[in-house]
Novice: 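One structure is given below, represented as structure tokens, and several questions about it will come after.
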Amino acid sequence: MDVRQIQMLYASAGYYRGAIDGDPGPLTRDAAVVIERNANAIRSHWPWPRRLIAAAQTVLDAQGHEPGVIDGYAGHNTSEALTSWLSEQAGVPADVRRAPLPSRATPTRLPRQAEVATAYGTPGPGGTVEQRLGWAETPAPMRLDWDLDTTVTRLRVHGLCAEPLTAALAAVLDHYGEAEWRRLGLDRYAGGYNPRRMRGGTSWSMHAYGCAIDIFAAPNGLRTRCPAAGFCGSEYQPFLDIMERHGWLPAIRLWGADAMHFQMARL
């Protein structure tokens, strides 16, 4: 997300009337301050680049394009929300193609996507998923993909998915060792439970059921397919195999894109 896009978002909501010139100067900052005030958000202790992004996230969210947590970091959720918004402004669809690849054996103990509400509960406000969440323990600290200076040691997922994820990550670390785990970006946690709709669609995301996680988003984006996706490389195949053996199915093997994404659900 660059400053011009931030200015466009502010302008679309009536907060900015300057030129779309990429200058993060007084007009742009004043708009961000008004957005913060209207959202009852106190962010004066944040650096300006982060405040500008957070205000843009606030606008995206208000206009129905979910950016994830409004935290001032332009991670992959914010990037996809921006793609959706820009597409809407241009009058073109932001659809994501998820056609299944030729069938491959997947664990039959896992529910199909059409059955996840029965297996995991109902998502969203008033639903039952929130009450059934648990924590997966990481075998070593994992960096937040959008804020690499911050690490976590627990990942929030559905209670039924927590133990398999704990085991899968431990097996990945055991296979690669901590130095390779970090060099390959396998320690870059990009998201777990998130009560949002599917990108490019209207159904609930697998993240809303707590049965999906994302790892190392930048080279493994939602629309990126092999061979461009990082996880298509040969050194990552043991990682994908381990995740799959533990019931965490790689999207790159399910529908051939979104390699960051793993889910405990069949298509």
Side-chain angles (χ1 to χ4, degrees), residues 66-69 75-81 96-101 106-107 109-124 127-138 142 144-146 152 154-169 172 185-218 220-224 229-231 236 239-240 242-267:
E66 298 169 294
V69 177
H76 70 282
N77 280 319
T78 299
S79 177
E80 274 303 319
V96 177
R97 184 163 61 93
R98 294 185 176 91
L101 294 178
T106 53
R109 71 182 184 278
L110 297 178
R112 295 193 181 276
Q113 287 189 163
E115 305 163 344
V116 288
T118 300
Y120 298 127
T122 52
T128 58
V129 169
E130 188 92 24
Q131 307 158 22
R132 301 174 66 184
L133 295 176
W135 294 94
E137 305 291 333
T138 68
M142 295 185 74
L144 294 184
D145 197 46
W146 59 91
V152 295
R154 299 197 308 164
L155 312 180
R156 198 178 191 206
V157 293
H158 196 283
L160 295 175
C161 304
E163 186 176 341
L165 181 56
T166 296
L169 294 174
V172 171
L186 300 179
D187 69 327
R188 292 177 60 152
Y189 172 66
Y193 172 67
N194 186 351
R196 64 167 174 82
R197 302 287 176 173
M198 191 177 292
R199 298 295 181 195
T202 57
S203 300
W204 285 107
S205 165
M206 291 298 102
H207 289 279
Y209 294 93
C211 66
I213 64 162
D214 294 331
I215 294 176
F216 200 8
N220 299 293
L222 178 66
R223 302 163 198 276
T224 307
F231 286 167
Y236 289 104
F239 164 57
L240 301 183
I242 292 167
M243 295 296 285
E244 192 166 358
R245 280 200 303 273
H246 286 83
W248 284 92
L249 307 184
I252 197 69
R253 293 179 174 177
L254 292 175
W255 60 83
D258 198 8
M260 75 177 106
H261 179 91
F262 300 81
Q263 62 181 51
M264 288 198 73
R266 296 177 289 157
L267 292 183

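All values below were derived from every heavy atom in this structure, side-chain atoms included, with hydrogens, water molecules and symmetry-related copies excluded.
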Novice: Can a salt bridge be assigned to the pair Glu66 and Arg197 using a cut-off of 4.0 Å between side-chain N and carboxylate O?
Specialist: no

Novice: At their closest point, which heavy atom of Pro100 faces which heavy atom of Leu267, and how far apart are they?
Specialist: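 It is CB-CD1, 3.7 Å.
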
Novice: At their closest point, which heavy atom of Arg156 faces which heavy atom of Glu130, and how far apart are they?
Specialist: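 Here Arg156 and Glu130 meet closest at NH2-OE2, 3.2 Å.
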
Novice: Can you tell me if Glu137 has over 12 outside heavy atoms packed within less than 6.0 Å of its CD?
Specialist: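 Above 12, so yes.
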
Novice: Is there a donor-acceptor contact under 3.5 Å from the side chain of His158 to the main chain of Tyr120?
Specialist: yes

Novice: Which atom pairs, one a donor and one an acceptor, fall under 3.5 Å between side chains of residues 254-265 and the rest of the protein, sequence neighbours left out?
Specialist:
from	atom 1	to	atom 2	distance (Å)
His261	ND1	His207	NE2	3.4
His261	ND1	Asp214	OD1	3.4
His261	NE2	Gln263	OE1	2.9
Gln263	NE2	Gln113	OE1	2.9
Gln263	NE2	Ala265	O	2.9

Novice: To the nearest 0.5 Å, what is the distance between CD1 (Ile215) and CG (Asn220)?
Specialist: 9.5 Å

Novice: What closest approach, in Å, do Val116 and Pro111 show between heavy atoms, and which atom pair accounts for it?
Specialist: CG1-CG, 4.3 Å

Novice: For a quick test of reading the model, state the closest non-hydrogen atom pair linking Thr224 to Ile252 and the distance between them.
Specialist: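 The answer is O-CD1, 4.3 Å.
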
Novice: Any side-chain heavy atom of Arg253 within less than 4.5 Å of one from Leu240?
Specialist: yes

Novice: Looking only at non-hydrogen atoms, find the nearest pair between Ala190 and His76 and report the distance.
Specialist: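 Taking Ala190 first and His76 second, the nearest heavy atoms are O-CE1, 2.7 Å.
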
Novice: Find out whether Pro67 and Asn77 are in side-chain contact, i.e. whether some heavy atom of one side chain is under 4.5 Å from a heavy atom of the other.
Specialist: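 No - every pair of side-chain heavy atoms lies 4.5 Å or more apart.
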
Novice: Check for me whether Arg196 meets the cation-pi criterion with Trp204, that is, NZ or CZ under 6.0 Å from the six-membered ring centre and within 45 degrees of the ring axis.
Specialist: no

Novice: Using the rule given for side-chain contact (heavy atoms from CB on, under 4.5 Å), can you reason through Leu249 versus Arg266, listing the C-alpha separation, both sets of side-chain angles and the distance that settles it, and then say yes or no?
Specialist: CA-CA 8 Å; Leu249 307 184; Arg266 296 177 289 157; 4.1 Å; yes

Novice: Apply side-chain contact (heavy atoms from CB on, under 4.5 Å) to Tyr189 and Leu155, showing your working.
Specialist: CA-CA 9 Å; Tyr189 172 66; Leu155 312 180; 3.8 Å; yes

Novice: Return the OG1 to CH2 distance between Thr78 and Trp146, rounded to the nearest 0.5 Å.
Specialist: 10.0 Å

Novice: Sub-3.5 Å donor-acceptor pair from the side chain of Thr122 to the main-chain atoms of Thr128, do we have one?
Specialist: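 Flag set: sc Thr122 to bb Thr128 pair under 3.5 Å.
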
Novice: What is the distance from atom CD1 of Ile242 to atom CD of Glu244, rounded to the nearest 0.5 Å?
Specialist: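 Going from CD1 on Ile242 over to CD on Glu244, the span is 11.5 Å.
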
Novice: Any side-chain heavy atom of Pro123 within less than 4.5 Å of one from Pro195?
Specialist: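 SC-SC contact between Pro123 and Pro195 ruled out.
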
Novice: Calculate, to the nearest 0.5 Å, the distance between atoms CG and CG belonging to Leu160 and Leu133 respectively.
Specialist: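 Here the rounded value is 10.5 Å.
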
Novice: So, does Thr166 use its side chain to make a donor-acceptor pair with the main chain of Ala162 at under 3.5 Å?
Specialist: yes

Novice: Using 30° and 60° as the class limits, which term best fits the ring planes of Phe239 and Phe231: parallel, tilted or perpendicular?
Specialist: perpendicular

Novice: If I take atom CG from residue Leu165 and atom CH2 from residue Trp248, how far apart are they, to the nearest 0.5 angstrom?
Specialist: 5.0 Å

Novice: Could you walk me through whether Ile213 and Val157 pass the side-chain contact (heavy atoms from CB on, under 4.5 Å) test, one step at a time?
Specialist: CA-CA 8 Å; Ile213 64 162; Val157 293; 3.7 Å; yes

